[in-house]
Asks: 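Dropping a structure here in C-alpha coordinates format, bear with me for questions.
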Amino acid sequence: MDKKVMYDLSYGLYVLTAREGEKDNGCIINTALQVTTSPNRVSIAVNKDNYTCGMVERTGAFNISIIDESCPFDLFERFGFHSGKDTDKTSGIELGRSQNGVVYLPSHTTGFMSCKVVEKVDMGSHIVFFADVTDGEKLSDNAPMTYAYYHKNVKPSAGKSQTKGYRCRICGYVYEGDPLPDDCVCPICKHGADDFEKI
Ligand SMILES: Cc1cc2nc3c(=O)[nH]c(=O)nc-3n(C[C@H](O)[C@H](O)[C@H](O)COP(=O)(O)O)c2cc1C
(Lines give C-alpha, C1' and ligand atoms only; values in the text may rest on other atoms or scores of the structure.)
Protein backbone atom coordinates (compact mmCIF):
# COMPACT_ATOMS: atom_id res chain seq x y z
CA MET A 1 0.00 0.00 0.00
CA ASP A 2 1.14 3.54 -0.74
CA LYS A 3 0.79 5.17 2.68
CA LYS A 4 1.01 8.61 1.06
CA VAL A 5 -2.66 8.25 0.14
CA MET A 6 -3.38 8.88 3.84
CA TYR A 7 -1.74 12.33 3.68
CA ASP A 8 -4.67 13.66 1.65
CA LEU A 9 -7.21 13.27 4.45
CA SER A 10 -8.00 16.83 5.62
CA TYR A 11 -7.82 17.79 9.28
CA GLY A 12 -7.98 20.84 11.53
CA LEU A 13 -5.64 21.44 14.48
CA TYR A 14 -6.70 21.83 18.07
CA VAL A 15 -5.40 22.16 21.62
CA LEU A 16 -7.13 19.53 23.74
CA THR A 17 -7.07 20.63 27.40
CA ALA A 18 -8.10 18.94 30.65
CA ARG A 19 -7.92 19.57 34.39
CA GLU A 20 -7.39 16.98 37.13
CA GLY A 21 -7.17 18.21 40.71
CA GLU A 22 -4.97 21.30 40.49
CA LYS A 23 -3.21 20.15 37.31
CA ASP A 24 -3.97 21.85 33.99
CA ASN A 25 -2.58 20.28 30.84
CA GLY A 26 -3.13 19.98 27.13
CA CYS A 27 -1.84 18.52 23.88
CA ILE A 28 -2.14 19.18 20.17
CA ILE A 29 -4.56 16.95 18.29
CA ASN A 30 -5.79 16.84 14.70
CA THR A 31 -8.52 14.32 15.34
CA ALA A 32 -11.53 16.37 16.55
CA LEU A 33 -14.72 15.82 14.55
CA GLN A 34 -18.35 16.71 14.97
CA VAL A 35 -20.22 13.39 14.79
CA THR A 36 -23.84 14.49 15.37
CA THR A 37 -25.59 17.88 15.61
CA SER A 38 -28.58 16.80 17.65
CA PRO A 39 -27.37 16.06 20.25
CA ASN A 40 -24.27 18.13 19.53
CA ARG A 41 -21.49 15.53 19.82
CA VAL A 42 -17.84 15.38 18.88
CA SER A 43 -15.18 12.68 18.84
CA ILE A 44 -11.45 12.92 19.54
CA ALA A 45 -8.75 10.24 19.16
CA VAL A 46 -5.98 10.52 21.75
CA ASN A 47 -2.88 8.38 22.10
CA LYS A 48 -2.82 6.45 25.38
CA ASP A 49 0.76 7.63 26.03
CA ASN A 50 -0.39 11.25 26.15
CA TYR A 51 -0.76 12.49 29.70
CA THR A 52 -3.86 14.39 28.57
CA CYS A 53 -5.49 11.10 27.52
CA GLY A 54 -5.46 9.77 31.09
CA MET A 55 -6.72 13.09 32.43
CA VAL A 56 -9.71 13.00 30.04
CA GLU A 57 -10.36 9.35 30.88
CA ARG A 58 -10.36 9.99 34.63
CA THR A 59 -12.30 13.28 34.66
CA GLY A 60 -14.64 12.88 31.67
CA ALA A 61 -14.23 16.55 30.77
CA PHE A 62 -12.17 18.48 28.22
CA ASN A 63 -12.02 21.60 26.09
CA ILE A 64 -11.07 21.90 22.44
CA SER A 65 -9.48 25.19 21.34
CA ILE A 66 -9.56 25.62 17.55
CA ILE A 67 -6.15 26.81 16.36
CA ASP A 68 -6.15 29.60 13.75
CA GLU A 69 -3.68 30.49 11.00
CA SER A 70 -1.93 33.13 13.16
CA CYS A 71 -0.64 30.45 15.52
CA PRO A 72 3.20 30.34 15.78
CA PHE A 73 5.23 27.11 15.82
CA ASP A 74 6.09 27.83 19.51
CA LEU A 75 2.60 26.82 20.54
CA PHE A 76 2.90 23.50 18.70
CA GLU A 77 6.25 22.90 20.39
CA ARG A 78 4.81 23.70 23.82
CA PHE A 79 1.71 21.53 23.57
CA GLY A 80 2.73 18.99 20.94
CA PHE A 81 6.38 18.19 21.61
CA HIS A 82 6.50 17.95 25.40
CA SER A 83 4.49 15.95 27.88
CA GLY A 84 2.62 17.29 30.87
CA LYS A 85 4.10 14.32 32.74
CA ASP A 86 7.34 16.28 33.04
CA THR A 87 6.42 19.95 32.57
CA ASP A 88 3.79 22.54 33.32
CA LYS A 89 2.84 23.45 29.76
CA THR A 90 0.34 26.06 30.91
CA SER A 91 2.77 28.32 32.77
CA GLY A 92 3.63 31.70 31.26
CA ILE A 93 0.90 31.86 28.63
CA GLU A 94 -2.47 33.55 28.50
CA LEU A 95 -5.31 31.15 29.33
CA GLY A 96 -9.03 31.37 29.92
CA ARG A 97 -11.02 29.02 32.13
CA SER A 98 -14.50 27.90 31.12
CA GLN A 99 -17.42 26.92 33.34
CA ASN A 100 -16.33 23.26 33.47
CA GLY A 101 -13.12 24.41 35.20
CA VAL A 102 -10.90 23.48 32.22
CA VAL A 103 -8.51 25.98 30.60
CA TYR A 104 -8.71 27.11 26.96
CA LEU A 105 -6.50 29.22 24.72
CA PRO A 106 -7.95 32.67 24.03
CA SER A 107 -5.19 33.69 21.55
CA HIS A 108 -4.39 32.22 18.11
CA THR A 109 -7.70 30.37 18.20
CA THR A 110 -11.10 30.91 16.58
CA GLY A 111 -12.89 29.72 19.72
CA PHE A 112 -13.28 26.81 22.06
CA MET A 113 -15.85 24.21 23.06
CA SER A 114 -16.35 22.44 26.38
CA CYS A 115 -17.16 18.74 26.25
CA LYS A 116 -18.38 15.97 28.53
CA VAL A 117 -17.46 12.38 27.66
CA VAL A 118 -20.42 10.08 26.99
CA GLU A 119 -18.56 7.05 25.63
CA LYS A 120 -15.05 5.85 24.91
CA VAL A 121 -13.71 3.16 22.59
CA ASP A 122 -10.31 1.53 23.07
CA MET A 123 -8.60 1.43 19.66
CA GLY A 124 -5.31 -0.09 20.82
CA SER A 125 -2.82 2.78 20.62
CA HIS A 126 -5.54 5.43 20.98
CA ILE A 127 -8.77 5.98 22.86
CA VAL A 128 -11.60 7.52 20.90
CA PHE A 129 -13.79 9.64 23.15
CA PHE A 130 -17.32 10.63 22.16
CA ALA A 131 -18.56 13.70 24.03
CA ASP A 132 -21.46 16.12 24.34
CA VAL A 133 -20.60 19.74 23.60
CA THR A 134 -21.89 21.51 26.71
CA ASP A 135 -20.63 25.05 26.05
CA GLY A 136 -18.62 27.04 23.55
CA GLU A 137 -17.58 30.49 22.44
CA LYS A 138 -16.44 31.93 19.14
CA LEU A 139 -13.47 34.22 19.76
CA SER A 140 -12.32 35.43 16.34
CA ASP A 141 -13.09 35.37 12.62
CA ASN A 142 -9.57 34.22 11.71
CA ALA A 143 -9.30 31.22 9.42
CA PRO A 144 -8.97 27.92 11.31
CA MET A 145 -5.63 26.22 10.62
CA THR A 146 -5.72 23.02 8.60
CA TYR A 147 -3.07 20.31 8.87
CA ALA A 148 -2.07 21.13 5.26
CA TYR A 149 -1.51 24.78 6.23
CA TYR A 150 0.61 23.67 9.20
CA HIS A 151 2.81 21.52 6.94
CA LYS A 152 3.22 24.24 4.32
CA ASN A 153 3.60 27.37 6.45
CA VAL A 154 4.26 26.62 10.13
CA LYS A 155 6.31 23.44 10.59
CA PRO A 156 10.04 24.11 9.94
CA SER A 157 10.81 22.67 6.52
CA ALA A 158 13.39 19.89 6.07
CA GLY A 159 15.34 21.96 3.53
CA LYS A 160 15.94 24.89 5.90
CA SER A 161 17.09 22.86 8.90
CA GLN A 162 20.70 22.89 10.14
CA THR A 163 20.21 19.55 11.90
CA LYS A 164 21.15 16.26 10.19
CA GLY A 165 18.80 13.32 10.50
CA TYR A 166 15.21 12.54 9.62
CA ARG A 167 12.09 14.60 10.15
CA CYS A 168 8.64 13.17 10.86
CA ARG A 169 6.44 14.36 7.98
CA ILE A 170 3.42 14.20 10.24
CA CYS A 171 4.37 16.40 13.20
CA GLY A 172 7.86 17.77 12.47
CA TYR A 173 9.83 15.84 15.15
CA VAL A 174 13.51 15.40 14.22
CA TYR A 175 15.41 12.13 14.72
CA GLU A 176 19.08 13.09 14.92
CA GLY A 177 21.11 10.25 13.41
CA ASP A 178 21.64 8.22 10.26
CA PRO A 179 20.41 5.70 9.27
CA LEU A 180 16.91 5.87 10.60
CA PRO A 181 16.13 2.56 12.36
CA ASP A 182 13.42 0.56 10.53
CA ASP A 183 11.46 0.22 13.76
CA CYS A 184 11.66 3.94 14.56
CA VAL A 185 8.42 5.31 15.99
CA CYS A 186 7.93 9.07 16.34
CA PRO A 187 7.80 9.82 20.09
CA ILE A 188 5.44 12.74 19.41
CA CYS A 189 2.77 11.47 17.01
CA LYS A 190 3.68 7.74 17.10
CA HIS A 191 3.95 7.37 13.29
CA GLY A 192 6.53 4.88 11.97
CA ALA A 193 9.72 5.07 9.88
CA ASP A 194 7.75 5.28 6.57
CA ASP A 195 6.55 8.72 7.59
CA PHE A 196 10.08 10.17 8.08
CA GLU A 197 11.95 12.18 5.43
CA LYS A 198 15.71 12.69 5.31
CA ILE A 199 16.89 16.21 6.20
C1 LIG B 1 0.71 18.66 14.53
C2 LIG B 1 0.49 17.65 15.63
C3 LIG B 1 -0.66 16.86 15.61
C4 LIG B 1 -0.90 15.91 16.64
N5 LIG B 1 -2.06 15.17 16.64
C6 LIG B 1 -2.31 14.28 17.64
C7 LIG B 1 -3.56 13.55 17.71
O8 LIG B 1 -4.47 13.71 16.89
N9 LIG B 1 -3.74 12.66 18.75
C10 LIG B 1 -2.78 12.49 19.69
O11 LIG B 1 -2.98 11.66 20.60
N12 LIG B 1 -1.60 13.18 19.69
C13 LIG B 1 -1.34 14.07 18.68
N14 LIG B 1 -0.16 14.78 18.66
C15 LIG B 1 0.87 14.49 19.67
C16 LIG B 1 0.65 15.15 21.04
O17 LIG B 1 0.28 16.50 20.94
C18 LIG B 1 1.97 15.03 21.84
O19 LIG B 1 2.32 13.67 22.00
C20 LIG B 1 1.95 15.73 23.20
O21 LIG B 1 3.28 15.99 23.59
C22 LIG B 1 1.25 14.95 24.32
O23 LIG B 1 1.29 15.75 25.47
P24 LIG B 1 0.78 15.23 26.90
O25 LIG B 1 1.62 14.02 27.25
O26 LIG B 1 1.02 16.37 27.84
O27 LIG B 1 -0.66 14.89 26.76
C28 LIG B 1 0.07 15.75 17.67
C29 LIG B 1 1.22 16.56 17.69
C30 LIG B 1 1.43 17.51 16.68
C31 LIG B 1 2.67 18.39 16.73
Side-chain angles (χ1 to χ4, degrees), residues 6-7 9-35 42-59 61-93 95 102-105 108-109 113 115 117 120-131 144-158 161 166-175 184-192 195-197:
M6 302 304 289
Y7 299 158
L9 287 174
S10 300
Y11 301 96
L13 284 164
Y14 313 93
V15 184
L16 166 72
T17 44
R19 178 172 178 82
E20 186 175 24
E22 294 303 303
K23 171 92 174 166
D24 294 308
N25 191 43
C27 68
I28 305 286
I29 59 164
N30 60 281
T31 49
L33 288 175
Q34 184 175 22
V35 286
V42 293
S43 68
I44 53 169
V46 194
N47 194 290
K48 289 177 185 173
D49 290 341
N50 293 9
Y51 192 68
T52 317
C53 184
M55 292 175 78
V56 171
E57 218 182 349
R58 292 184 291 271
T59 63
F62 62 88
N63 285 347
I64 295 170
S65 295
I66 302 168
I67 295 174
D68 75 28
E69 288 185 357
S70 73
C71 186
F73 185 62
D74 293 11
L75 196 103
F76 289 93
E77 281 188 305
R78 174 186 284 261
F79 284 102
F81 287 59
H82 304 280
S83 179
K85 280 176 209 142
D86 328 302
T87 50
D88 177 5
K89 297 195 213 176
T90 58
S91 79
I93 52 162
L95 292 167
V102 178
V103 292
Y104 64 89
L105 276 83
H108 304 300
T109 57
M113 57 194 82
C115 306
V117 175
K120 57 175 187 169
V121 180
D122 189 329
M123 296 301 292
S125 60
H126 287 61
I127 294 182
V128 179
F129 295 97
F130 294 91
M145 189 185 289
T146 61
Y147 215 156
Y149 185 97
Y150 169 79
H151 282 298
K152 197 164 170 214
N153 303 296
V154 182
K155 183 185 81 170
S157 71
S161 175
Y166 292 79
R167 186 185 302 283
C168 174
R169 296 167 57 98
I170 308 301
C171 70
Y173 165 80
V174 172
Y175 172 86
C184 176
V185 174
C186 175
I188 307 297
C189 67
K190 320 306 188 272
H191 281 246
D195 287 319
F196 278 72
E197 60 188 348

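In listed order, ligands and their atoms are each counted from 1.
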Asks: Which ligand 1 atoms are under 4.0 Å away from a heavy-atom of Tyr150?
Replies: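 Those qualifying, in numeric order: 1 (C).
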Asks: Pick whichever of Phe79, Tyr14, Phe73, Phe81 has a heavy atom sitting closest to atom 31 (C) of ligand 1.
Replies: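 Residue with the shortest heavy-atom distance to the ligand atom: Phe81.
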Asks: Can you name the closest pair of heavy atoms from His151 and Ile170 and give their distance?
Replies: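 That closest heavy-atom pairing would be CE1-O, 3.0 Å.
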Asks: Would His82 count as a contact of ligand 1 if the rule is a heavy atom under 4.0 Å away?
Replies: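 Yes.
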Asks: Is it the case that more than 12 heavy atoms not belonging to Lys85 sit under 6.0 Å from its NZ atom?
Replies: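 Correct, the count exceeds 12.
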Asks: Check each heavy atom of Cys53 against ligand 1 and say whether those closer than 4.0 Å belong to the side chain, the backbone, both or neither.
Replies: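 Within the 4.0 Å criterion, Cys53 makes no contact with ligand 1.
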Asks: Which protein non-hydrogen atom lies closest to atom 12 (N) of ligand 1, naming both residue and atom, and how far is it?
Replies: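 Sorting protein heavy atoms by distance from atom 12 (N) of ligand 1 puts Asn50 ND2, 3.3 Å first.
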Asks: How close does the nearest protein non-hydrogen atom get to atom 27 (O) of ligand 1, and which residue and atom is it?
Replies: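 So the nearest neighbour among protein heavy atoms is Thr52 OG1, 2.5 Å.
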Asks: Among all protein heavy atoms in this structure, tell me which lies nearest to atom 5 (N) of ligand 1, with the distance rounded to 0.1 Å.
Replies: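 For atom 5 (N) of ligand 1, the nearest protein heavy atom comes out as Asn30 OD1, 2.8 Å.
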Asks: When you measure from atom 18 (C) of ligand 1 to every protein heavy atom, which one gives the shortest distance, and what is it?
Replies: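 The protein heavy atom lying closest is Gly80 O, 3.2 Å.
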Asks: For ligand 1, which atoms have a heavy atom of Gly84 less than 4.0 angstrom away?
Replies: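 Counting from 1, the qualifying ligand atoms are 24 (P), 25 (O), 26 (O).
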Asks: Could you check whether any heavy atom of Lys89 sits closer than 4.0 Å to an atom of ligand 1, since that is the contact criterion I want to use?
Replies: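 Lys89: in contact with ligand 1 (<4.0 Å).
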Asks: Pick out which of Ile66, Thr109, Leu13 makes a side chain to side chain contact (heavy atoms under 4.5 Å, CB included) with Met145.
Replies: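 It is Leu13, the one option of Ile66, Thr109, Leu13 that forms the side chain to side chain contact (heavy atoms under 4.5 Å, CB included) with Met145.
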Asks: Can you give me the closest heavy-atom contact between Val46 and Ile44, atom names plus distance?
Replies: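 Minimum heavy-atom contact is CG2-CD1, 3.8 Å.
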Asks: Classify the ring geometry of Phe81 against Phe73: parallel below 30°, tilted from 30° to 60°, perpendicular beyond 60°.
Replies: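 Plane angle over 60°, so perpendicular.
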Asks: Numbering the atoms of ligand 1 from 1, which are under 4.0 Å from a heavy atom of Thr31?
Replies: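 Answer for ligand 1: 8 (O).
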Asks: At what distance is the nearest protein heavy atom to atom 14 (N) of ligand 1, and which residue and atom is it?
Replies: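 Ranking protein heavy atoms by distance from atom 14 (N) of ligand 1, first comes Ile28 O, 3.1 Å.
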Asks: Tyr150 and Ile28: side chain to side chain contact (heavy atoms under 4.5 Å, CB included), yes or no, with the steps?
Replies: CA-CA 12 Å; Tyr150 169 79; Ile28 305 286; over 6 Å; no
Asks: What atoms of ligand 1 come within less than 4.0 Å of a heavy atom belonging to Asn47?
Replies: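 By the 4.0 Å cutoff, the relevant atoms are 10 (C), 11 (O).
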Asks: Test side chain to side chain contact (heavy atoms under 4.5 Å, CB included) on Asp68 and His108; report intermediate values, then the result.
Replies: CA-CA 5 Å; Asp68 75 28; His108 304 300; 4.2 Å; yes
Asks: Taking both backbone and side-chain atoms of Asn25, is any N or O found less than 3.5 Å from an N or O belonging to ligand 1?
Replies: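 Yes; the residue has a nitrogen or oxygen that sits under 3.5 Å from a nitrogen or oxygen of the ligand.
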Asks: Show which atoms of ligand 1 fall inside a sub-4.0 Å distance from at least one heavy-atom site of Val46.
Replies: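 So the answer, numbered in order with elements, is 11 (O).
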Asks: When you measure from the heavy atoms of Tyr147 to every atom of ligand 1, does any distance fall below 4.0 Å?
Replies: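 Yes; Tyr147 lies near enough to ligand 1 that a heavy-atom distance drops under 4.0 Å.
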Asks: What protein heavy atom sits nearest atom 19 (O) of ligand 1, and how far off is it?
Replies: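 Result for atom 19 (O) of ligand 1: Ile188 O, 2.9 Å.
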Asks: Gly124 and Asp122: which non-hydrogen atoms are nearest, and at how many Å?
Replies: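 Heavy-atom minimum between the residues: N-OD1, 2.9 Å.
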Asks: Starting from atom 25 (O) of ligand 1, find the nearest protein heavy-atom neighbour and note its residue, name and distance.
Replies: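 In this structure, atom 25 (O) of ligand 1 has Ser83 OG, 2.6 Å as its nearest protein heavy atom.
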Asks: Show the nearest heavy-atom pair for residues Asn50 and Cys27, with the distance to one decimal.
Replies: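 In this case the closest contact between Asn50 and Cys27 is ND2-SG, 3.7 Å.
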Asks: Note the single closest protein heavy atom to atom 9 (N) of ligand 1, along with its residue, its atom name and the distance in Å.
Replies: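 Going atom by atom, the protein heavy atom closest to atom 9 (N) of ligand 1 ends up being Ala45 O, 3.2 Å.
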Asks: Considering all heavy atoms of both residues, which atom of Thr52 and which atom of Asn25 are nearest to each other, and what is their separation?
Replies: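 Scanning both residues completely, I find the closest heavy atoms to be OG1-ND2, 3.3 Å.
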Asks: Over 60° means perpendicular and under 30° means parallel, so tell me whether Phe196 and Tyr173 are parallel, tilted or perpendicular.
Replies: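 It falls in the perpendicular class, over 60°.
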Asks: Parallel, tilted or perpendicular: which one describes the rings of Phe129 and Phe62, with boundaries at 30° and 60°?
Replies: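 Answer is tilted, since the angle falls between 30° and 60°.
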